[in-house]
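For reference, the structure discussed in these notes is given below.
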Amino acid sequence: MERGAVACSRLGGQVLTGWHDYNDELEQLKLPALTLGQYLGSGHFPEATFESWESEFLQMGLYVGLTIWLRQKGSPESKPVDASHDETGK
């Protein structure tokens, strides 16, 4: 439940900031501003959302890959790769 609330608030914040930023761009081009509904239907919203999510997935992928690599390299912070949970007690 808590993760869902955090995800929804992040997406809501992204929608609002993206909407204001896009309207600022339109204002510089002397074009009319979009309503929130128009912005959600525009191409800018999904593009900005997927760019943000792409960055998040890349960061998480690198974190997971580095964690696996360090564990297999024999990091003193991790148990042996082939040891079970019951053997190490951690």
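Residue numbers run from 1 in the order of the sequence given.
- Considering CG of Leu29 and CG of Asp24, their distance stands at 11.0 Å, rounded to 0.5 Å.
- Here the CG atom belonging to Asp21 is positioned 11.0 Å from the CG atom belonging to Leu26, to the nearest 0.5 angstrom.
- Shortest non-hydrogen contact noted between Leu34 and Gln38 is CA-OE1, 3.3 Å.
- The environment of CD in Glu27 is sparse: at most 12 heavy-atom neighbours from other residues, nucleotides or ligands sit within 6.0 Å.
- Taking the six-membered ring for Trp and thresholds of 30 and 60 degrees, Tyr39 and Tyr22 have ring planes inclined between 30 and 60 degrees apart.
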